[in-house]
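The block underneath contains the structure these notes are about, expressed in structure tokens.
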Number of protein chains: 2
Amino acid sequence: MSTLFSIGTLSKAAGCKVETIRYYEKIGLMPEPARSEGGQRRYHRKHRERLRFIRHSRELGFTLDDIRELLAMSEQHGHADSIARRHRAAVQNRIRSLTALRDELDRMIEECEQGHEGECRVIEVLSDHQECSGDH
Amino acid sequence: MSTLFSIGTLSKAAGCKVETIRYYEKIGLMPEPARSEGGQRRYHRKHRERLRFIRHSRELGFTLDDIRELLAMSEQHGHADSIARRHRAAVQNRIRSLTALRDELDRMIEECEQGHEGECRVIEVLSDHQECSGDH
DNA sequence: GCTTGAACCTGTAGTCACTATAGCTTTTTT
DNA sequence: AAAAAAGCTATAGTGACTACAGGTTCAAGC
């Protein structure tokens, strides 16, 4: 009848380490669960859902403070999509500059293949990059 | 005639904090510069280039250890193109996962908009995701 | 030439989001 | 019942900075 499970089981269900769960509890992101006779943590479905939400959000790059805010908003039906939008913009910027860098590297590699005697000047090219595309 | 400049000038030229430069020096990522009579750091162009390279690479998500390796290998002549190639592969990977992330955020935002009565489902989307698409 | 005040110095401590370790107790399995 | 696995707390360490305290040096204005 009991649907309770241990911290190890929860950690597997959410794909994170046991220590991380205890850490989330310590900083108040996860609620304090029930305890067994001997003092071990006992969780149920709600904990698992919450933890999965936290972990997935972390994977998407939200900070713990973002997540705290998201969780708070979800409790009062505010609109949480502004955070997602903000995050999306940051991701897009990063993609843009990585793409520029990749193209730059392609150019370098090609130059190397043409047998330019000597080195490719990785540092110069990469440090110049900021000046020519400069969107930081 | 002197092309030397202070740590504050360097920090502005590279877009980072003064403390960060001293930190890089401490961990051996930036070389110890010359000093003024009174003991203040005096840099020149080469330092600026190197620091810009480091900062730009950091912005793109490379670790200081990655950067250390890149810098070290770029100093041994001849191997530069293999570094570039390896680096390119890493950049491509990062682009791939960021693109996936962006698409997912788009999906989230869109689903948010569909719940037009101010009802945002970001939270549901985030906690459900792992179960339905689960590729982490 | 003197006096401000901004910029610099060293060293240490704090931040975020964990992760690892030590030394113990509880639970599960054999 | 014994052994192994998993749990407990508390503390320290990680990476990549960032902030602070308390002092020194430098450039500019008078």
Side-chain angles (χ1 to χ4, degrees), chain A residues 2 4-44 47-48 50-71 83 87 90 94 136, chain B residues 2 4-44 47-48 50-71 90 94 136:
Chain A
S2 169
L4 295 172
F5 43 85
S6 73
I7 196 168
T9 308
L10 177 60
S11 84
K12 269 160 214 152
C16 73
K17 306 220 161 163
V18 163
E19 290 86 355
T20 306
I21 299 171
R22 287 196 285 250
Y23 167 70
Y24 286 164
E25 183 183 325
K26 203 167 86 184
I27 62 165
L29 208 59
M30 286 291 287
E32 291 182 20
R35 298 279 183 150
S36 71
E37 285 277 291
Q40 300 195 355
R41 288 168 180 82
R42 293 293 175 253
Y43 296 94
H44 49 72
H47 291 105
R48 193 188 53 200
R50 192 182 175 98
L51 182 56
R52 275 187 181 161
F53 169 74
I54 296 169
R55 290 310 301 165
H56 187 55
S57 302
R58 283 293 296 131
E59 275 163 24
L60 292 179
F62 293 100
T63 67
L64 293 184
D65 272 356
D66 285 343
I67 295 167
R68 216 187 286 272
E69 210 184 326
L70 276 170
L71 285 165
I83 298 171
H87 191 61
R94 202 161 290 243
H136 314 296
Chain B
S2 170
L4 294 172
F5 43 85
S6 74
I7 196 168
T9 307
L10 177 60
S11 84
K12 267 159 216 152
C16 73
K17 308 220 160 165
V18 164
E19 290 86 355
T20 305
I21 299 171
R22 287 198 284 248
Y23 167 70
Y24 287 164
E25 183 183 323
K26 203 167 87 183
I27 63 166
L29 208 59
M30 285 293 287
E32 292 182 21
R35 298 279 183 149
S36 72
E37 284 277 290
Q40 301 194 354
R41 288 169 181 81
R42 291 295 174 253
Y43 296 94
H44 48 72
H47 292 106
R48 193 188 55 200
R50 191 181 176 98
L51 182 55
R52 274 188 181 160
F53 168 74
I54 296 169
R55 290 311 300 162
H56 188 57
S57 303
R58 283 293 298 132
E59 272 163 25
L60 296 178
F62 295 98
T63 68
L64 293 185
D65 273 355
D66 286 342
I67 296 167
R68 209 189 291 274
E69 207 186 331
L70 255 173
L71 285 166
R94 209 168 281 270
H136 309 301

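These numbers come from the heavy atoms of this one structure, side chains and all, not from hydrogens, waters or symmetry mates. The sequence lines fix the lettering, A, B, ..., with proteins before strands; numbering per chain opens at 1.
- Between Met30(B) atom CE and dA16(D) atom C1' the separation is 16 Å, expressed in whole Å.
- When all heavy atoms of Cys16(A) and Ile21(A) are compared, the closest pair comes out as SG-CG1, 3.8 Å.
- Nearest heavy atom pair, residue Ser11(A) against residue Lys17(A), reads CB-C, 4.1 Å.
- For the pair Leu51(A) CG and dA17(C) P, the interatomic distance rounds to 15 Å; values are reported in whole Å.
- For Arg55(A), no side-chain nitrogen or oxygen approaches OP1 or OP2 of dA17(C) to under 4.0 Å.
- Following rounding to the nearest Å, Glu25(A) (CD) and dC18(C) (C1') show an atom-to-atom distance of 16 Å.
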Take nucleotides 22-30 of chain C nucleotide by nucleotide from the 5' end and write B, S or -, depending on whether a protein heavy atom sits under 4.0 Å from the base, only from the sugar-phosphate, or from neither. ----BS---
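- Atoms CZ and CG, from Arg35(A) and Leu4(A) in turn, are 13.5 Å apart once rounded to the nearest 0.5 Å.
- The separation between Phe5(B) atom CZ and dA7(C) atom P is 17 Å, rounded to whole Å.
- The residue Ile27(B) sits apart from the nucleic acid: no heavy atom pair falls under 4.0 Å.
- Judged purely by atom type and a 3.5 angstrom limit, Arg48(A) has no side-chain atom pairing as donor or acceptor with the backbone of Tyr43(A).
- The side chain of Arg58(B) lies closest to dC17(D) when the candidates are dC18(C), dT9(D), dC17(D).
- A distance of 8.5 Å separates CD of Glu32(B) from CZ of Arg41(B), quoted to the nearest 0.5 Å.
- Ring orientation note: the planes of His47(A) and His44(A) are tilted relative to one another, at an angle of 30° to 60°.
- Among all heavy-atom pairs drawn from Ile67(A) and Ile54(A), the shortest one is CD1-O, 3.7 Å.
- Place Arg35(B) and Lys12(B) on DNA chain C by their nearest nucleotides, and Lys12(B) ends up nearer the 5' end.
- Look at Arg41(B) and you'll find a side-chain N or O under 4.0 angstrom from OP1 or OP2 of dC9(C).
- If you check residues 15-24 of chain B against DNA chain C, the residues with a heavy atom closer than 4.0 Å are Arg22(B), listed by number.
- Nucleotide dA13(C) holds its P atom 11 Å from the NZ atom of Lys26(B), rounded to whole Å.
- Separating the CG atom of Leu4(B) from the P atom of dC8(C) is a distance of 14 Å, rounded to the nearest angstrom.
- Of the possible polar contacts, one joining the Arg50(B) side chain to the Leu29(B) backbone as a donor-acceptor pair under 3.5 Å is found.
- Atom-to-atom, CD1 of Ile54(A) to C1' of dC18(C) comes out at 14 Å; the value is rounded to the nearest Å.
- Counting all heavy atoms, side chain and backbone alike, Arg55(A) lies closest to Ala14(A) at CG-O, 3.9 Å.
- In this model, the phosphate group of dA6(D) is not approached by any side-chain N or O of Ser6(A) to a distance below 4.0 Å at OP1 or OP2.
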